[in-house]
Every structure is written in C-alpha cells, then in structure tokens.
Amino acid sequence: MTKQQPLLEVKNVKKYFPIKSGILKRTTGNVQAVENVSIDVYEGETLGVVGESGCGKSTFGRTVLGLEPLTAGTIKFRGQEVGGLSYRQLKKFKKEMQMIFQDPYASLNPRQRVGDALEEAFIIHTELPKQERQQRVRELLVEVGLKEEYYERYPHEFSGGQRQRIGIARAIALNPSLIVCDEAVSALDVSVQAQIIKLLKRLQQSHQLTYLFISHDLGVVRHVCDRVMVMYLGATAELASSDQLYGNPLHPYTRALLSAIPRPIPGRKKERIRLKGELPNPADYPQGCPFHTRCPLATEKCAKVRPEWREIEQGHFVACHEV
Amino acid sequence: MDKLLQVDNLVTQFRTAEGKLSAVRGISFSVEKGETLCIVGESGCGKSITSLSIMGLLPSNGEIAEGSITFQDEELTGKKEEELRQLRGNKMSMIFQEPMTALNPVFTIGYQLREPLILHQHMSKRQATDKAVELLEQVGIPDPKKRLKQFPHELSGGMRQRVMIAIALACNPSLLIADEPTTALDVTIQAQILDLIDDLKRKMDMGVVFVTHDMGVVAEIADRVMVMYAGEVVEIGEVKEIFNNPQHPYTKGLLASVPNVDDEYHTLESIPGSLPNLNEKIQGCRFHPRCPLATERCKREASPIFDVRETHQSKCWLQEVNVHDKAATSS
C-alpha cells in the first residue's frame, strides 16, 4: 500500500450506549459497543470487518457513516472531520458515503415503486429535472443487472438477490466513494451470493469504490477483502492483509474463529480450537484484555492489563500480550 | 444397518389462491439408524417442507398428496393427529432454526423440559426435574439447576439452542430432525453445537436428518447427502461422493459458489438466475433454465433418476450417457 492520504481516518473511536434506570433515568452504566477503534481506510481498497454477532462491527459501520453519534474519537473523511457534525452539516458527505444493508426488503418501502425509491436520492441531492432523474434510474437498474422495466415494480415482486441489487443501485446512485456493506450478502443463498459478490467487485472497478465490508462469514471476506480487521467485544483484535490474516493468524481469537469454520471437505481432520463459553456482556466490560475470559492462552497479566495495539510485521497489527 | 425412515414418492401440496402448488414433487429417500442424512439446497427448494411432512407439522393449508412415509415400519401418512402426537417429541423430535420462536417465552426452561417427560414417559414432577437437570448437563449448560427456573429470554442464542436440543432429546428419540439448527449462530458456537449433535448421535445411535444450506456444515457432519432443487431430489449419495465426484450440474454449481477460506485463488462461480417460483410451470428438467449444460432434450422431458454407483444417484440426462458407457465397457 502506498502512503497516500487515507480516504477515511478513524482514531480512537468509542461508541457507548448509556443504560438508564430508576425513575430519574440516570445513566447507571454503559454498553461499550465500540471500544477504541483506530483504522485508516485507503481509496479503492476493501476493508473487511469480521467478528461474532454483538462484537460491535455493525455499530462501527453506522458510526463511521454518522448514523450513530460518536462518544469519543475522531473520524476524518478526505482529511475533513465528520465525526461531530450535525445532521445538516453531514448532508454533503452523505453523497460520498453510502450503505448497503443486510435485508434489502426491510430497507425498501413496500408501497413505493422501486424506481421512485431510487429516484429519491436524485431529488434530495441533485437538481436534475424529472426526465433526467428517471433516465438515470433506468441506467442504474441496468447497471446492477436488472431490467429497465423494473422501474414500475414493487419490492415484493423481486427475489432476495434482485432486491439486494436494488439496494446496491440505491447505494451507488450518487457516485459515492465509500460504501459500507453491512452483511450485504449474508441473507442470500450461496449461488446468488456469488452473483452479488461479482457485481460488487465489478462496480468497485468501474466506480473506484472503497468498501467497508462488514461480515461474519470469513469465507466471503477472504474472497472480497484486501485487508481484514477482526473485532472482539467492540475492540480490534487483529488487522492484517487478507493473505497475512488467513495465512498467519496471530491473535488467539482469530485462530479460534478460523478453526471453527466448517470446511467443505468431507473427512477432514477437525483441529478446532475450542473456545470456552460465550461473548461477555458488553455492559459489563471485562478488565484487561476483553478476550481473556475465553482465551486458551490467558495469563494473569491478561486479566489486568489491556494489551497494546502493536505492529508485528509490516501492516500486521495485533492486540495480545502473548504474541 | 436398520432402516429407520423410508420416504417414498412424497408429494406435498399447498392450497393457495392460485390453486394447488406442489412444494415437494415426488421424492424418495431413507435414513438408517445412527446415520446423518443432510438435506441441502437453496431456500425455497422444499427441504424444510420435507422435514415438516415427516413430522406431520405442515401448516393448515398444506397436505401430503401422495406417497408414503414409513417410520420404524409404521406408516405415518394418514395417521390421526392424536397418534402423531404420541410419536412427536417421543420417538422422533425436531430442532428448529430459531430457538427463540420455538421456545415458549412465558414458561420457564424447566417447565418446557419437563413437559415431554411427564407426557410421554409418565414421570412424576420430581423425577422429571431430576432428568431435566441431567439433560441440561448433557448438552453442556453450566449450572443447570439455576437455568431450570429461568425464562428463554434470559439465555443467549447458543444456550437456547442447547435447551432446544435437550428438549428434543428428552425421550431418547430414534429420529432427530434438525432444520438449520446452527444457521442463526456464530461460527464458534456453531462448532460447539455441531460437535454436540454428533456426539449425542453416536451415544444414542439416533438417525439424524439435518437440513442446511451450508456446504461446510454438510462436509463436517453428514454420512449421506441429498441435494434438492425446486421440490425434487437432484442428487443423493455418500458425503465423499457428493463432494469429490458431484454429477448433477446443480450440485457442481452449488459447490463452486461456496467461497473457500483456505484458497485465495479460488474463483467463485455463480449459478445464473434464481430458484423458480412454485407456481412457475417448467417443461422438462426443472433446472434447465439455469443449467449451463442444458440440451434440447432437457427442455422437453425431465430426466429419471440414474445410478452413478450403487450408493450414488443423479437425476440428470448426462448420466444416461455414462450409464451406457459403463454398460458398453463391461460387455
């Protein structure tokens, strides 16, 4: 990776959700959904964010887009601070940063024709006349592999894969530079999933897109991403290029995660690293390393001191005392 | 081995506003004792309806129109609801995908665990409680006595699925049907649950029908695999045969579209198009509109089921050529 200016600079970002209780609704604690995440995302790359459900990966994606206000830290987009902006100030950045959701059916209005839904982006962000807007929508539909006639149809008339194509069309409508894909292919069947992955890759080439690809499916992530960030309980456990991460995983959590994936090879010897127990409650954040409660390598130090974020080899970061 | 379940030419239909639609179109298969049969296919291919047909749990507008299901030499089709209820949860039981919707939110775990024991095994409440503790221990739930008094919402997803498995296994069933039991779970928890089901299967010599769309999961736990497409069985065989020597173009496509974690240079193939609707009329082979190898014949007539080997069948015209070749070389 050349040392260009990152498209997106995330520094020490924290996102806490307050827990309010009692009649006075006083804040009695915090759910620490994102705990001190720092990462630079470069133009044209696909950065994978992986982890188990509840690890804060979706909240991280939403925070980056300004859908959730920050608790602490800074987010810079092309060198400009976007973290603390108000809704109105954020509007001009929204053209540049878009999102694709997991369930496209839930993100489409069932009583709105898909053409009209797609046209809305142009109504809000451009001053194109109606004719041109509709023309752009038709081009978009074709671009994502649908037909022009689908303009008139309603969301229920489409299959899951087609709906995800509509979600993608909506995301690329304004020619953004960054798209956050939040489990964009997780709800799809494998054969359709492969189609959508191909589409995303093609669009990345033709539109010079940068993806923040959030997923729990490590197979898909290896396939799509240049770099991968592993999150555990809101914190970053490991960051590396795809090759480094899958070829030489360092963090015990990454290793356990990779060993737990069922491989489509029958009769293969299972060498699983078994993790004890389950994800701790982020409202009751563990002291020290967040992973120490389940870690097979945990020592006393891990229970007390939060590990530093260290660069082990070029571009390969890990937060663990034992590596 | 002993035959546990035999399904012959099963047709399951639904009454809808557009007339009768067939979700399952004449499928046949069997499950033996101590064997895991995986049913794979895309969503909507009829794999869940097949398992619900066996359990007699079809929605009210669904019915078994043709065919027979024999379980331990007993015919299940046409049995009265009351007779089926004697079997369900007792000799055969089922685990569902979403344990939160399958568990009753207003009863404690303990109540729901005791219910099958009191109902089917005529245990007293105290006996049932002891057995329930034992069951929870068996599925690896820590502090089972405390859990008995808890409600489903107090448990995590993985714990709920363990409770579901404990309930399903309460009466030592001979047949366990698991419908996507790990789809909603994280990989590390999924690995725990798969190991658990496999262990218990061995211990109790159960037959397991495991419905999933994840080829990785199939490779881990299946003895035999049945691939379904649009309500039909397109290929069935031993797990190694299906993965190492797939015959049907759909099975090949399905395997090629699974992203490989271990191989970065693996190119992802996709199957064009998507699964047809139930009400779509397709002449010939139901896969031909998406099949890269479809011929004129595939568009006209559907293929019968050909033997690839004794244990391996494929429903594709391509096999006919192979069968003839084999016949020619052997003679």
Side-chain angles (χ1 to χ4, degrees), chain A residues 50-55 145 158-162 185-199 201 215-225 241-243 246-247 253 256-268 270 272-281 294, chain B residues 40-45 142 155-159 182 184-192 194-195 198 212-223 225 238-244 250 253-264 266-275 277 290:
Chain A
V50 298
E52 293 175 278
S53 47
C55 75
F158 294 94
S159 68
Q162 288 175 320
V185 297
S186 307
L188 306 172
D189 281 310
V190 277
S191 71
V192 181
Q193 180 177 305
Q195 294 171 9
I196 299 293
I197 290 174
K198 280 185 173 174
L199 173 67
K201 282 192 163 176
S215 177
H216 68 273
D217 188 328
L218 287 130
V220 172
V221 166
R222 162 148 228 186
H223 216 84
V224 180
C225 299
S241 71
S242 273
D243 294 351
Y246 288 87
Y253 177 62
L257 212 54
L258 287 173
S259 78
I261 308 169
R263 307 302 208 272
I265 307 158
R268 179 179 158 279
K270 293 175 208 167
R272 267 189 210 137
I273 304 166
R274 280 166 180 259
L275 285 186
K276 300 166 279 182
E278 295 178 23
L279 210 64
N281 186 352
R294 297 172 75 192
Chain B
V40 290
E42 293 173 274
S43 38
C45 71
L155 305 179
S156 67
M159 283 294 163
T182 59
L185 305 174
D186 286 310
V187 277
T188 55
I189 310 294
Q190 165 170 291
Q192 296 171 356
L194 290 180
D195 285 351
D198 214 39
T212 181
H213 65 266
D214 186 333
M215 293 310 262
V217 171
V218 174
E220 293 240 327
I221 63 156
D223 295 312
V225 183
E238 284 173 2
V239 63
K240 285 196 173 152
E241 293 169 330
I242 296 289
F243 278 84
N244 301 339
Y250 180 64
L254 212 53
L255 287 168
S257 57
V258 181
N260 189 336
V261 212
D262 301 311
D263 178 11
E264 58 179 306
H266 168 86
T267 47
L268 211 55
E269 300 294 331
S270 55
I271 308 174
S274 54
L275 205 68
N277 268 332
R290 297 176 75 188

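Proteins come first, then strands; the chains are lettered A, B, ... in the order of their sequence lines, and each starts at number 1.
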Can you name the nearest heavy-atom pair linking [X] to [Y], along with the distance?
X: L268(B); Y: K198(A); result: O-CE, 3.3 Å
X: R263(A); Y: D262(B); result: NE-OD2, 2.7 Å
X: A194(A); Y: E269(B); result: CB-O, 3.4 Å
X: V261(B); Y: R222(A); result: O-NH1, 2.6 Å
X: A260(A); Y: T188(B); result: CB-CA, 4.0 Å
X: L275(A); Y: Q192(B); result: O-NE2, 3.0 Å

Problem - chain A contact via V217(B) - which portion, at a heavy-atom distance below 4.5 Å - result: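 Backbone plus side chain of V217(B), per the 4.5 Å heavy-atom cut-off to chain A.
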Handout entry: Option in P266(A), A256(A), S259(A), G219(A) with maximal non-hydrogen atom pairs under 4.5 Å from chain B
Key =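 Greatest number of close heavy-atom pairs with chain B: P266(A).
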Do you know which of [options] has the most heavy-atom pairs with chain A at a distance under 4.5 angstrom?
options: P142(B), S156(B), A222(B); result: S156(B)
options: G158(B), G273(B), P259(B); result: P259(B)
options: P272(B), S270(B), G157(B), A256(B); result: S270(B)

Exercise for the section: Select one option (side chain, backbone, both, neither) describing which atoms of S53(A) are under 4.5 Å from chain B's heavy atoms. Expected result: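 Both parts, heavy atoms under 4.5 Å.
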Problem - I197(A) portion near chain B, given a 4.5 angstrom heavy-atom threshold - result: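 The side chain, not the backbone.
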Handout entry: Gap between atom CG of N260(B) and atom NE2 of H223(A) - 0.5 Å precision
Key =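 Going from NE2 on H223(A) over to CG on N260(B), the span is 9.0 Å.
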Exercise for the section: State the CG-CG distance between L254(B) and D189(A), to the nearest 0.5 angstrom. Expected result: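 Separation between the atoms: 8.5 Å.
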Exercise for the section: Check whether any side-chain N or O of Q195(A) sits under 3.5 Å from a backbone N or O of I271(B) as a donor-acceptor pair, and report yes or no. Expected result: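 Side chain of Q195(A) to backbone of I271(B): a pair is present.
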Exercise for the section: Could you tell me whether a side-chain N or O of D186(B) sits under 3.5 Å from a main-chain N or O of E52(A), the two making a donor and an acceptor? Expected result: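 No, the answer is negative, given that no donor and acceptor are paired below the 3.5 Å cut-off.
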Handout entry: Other residues, nucleotides, ligands: >12 heavy atoms within 6.0 Å of K201(A) NZ
Key =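 Count over threshold, so yes.
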Practice task
Return yes if a side-chain donor-acceptor contact under 3.5 Å exists between S257(B) and Q193(A), otherwise no.
Solution key: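 No, Q193(A) and S257(B) have no side-chain donor paired with an acceptor closer than 3.5 Å.
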Problem - side-chain contact (heavy atoms from CB on, under 4.5 Å) between F243(B) and I265(A), intermediate numbers included - result: CA-CA 7 Å; F243(B) 278 84; I265(A) 307 158; over 6 Å; no
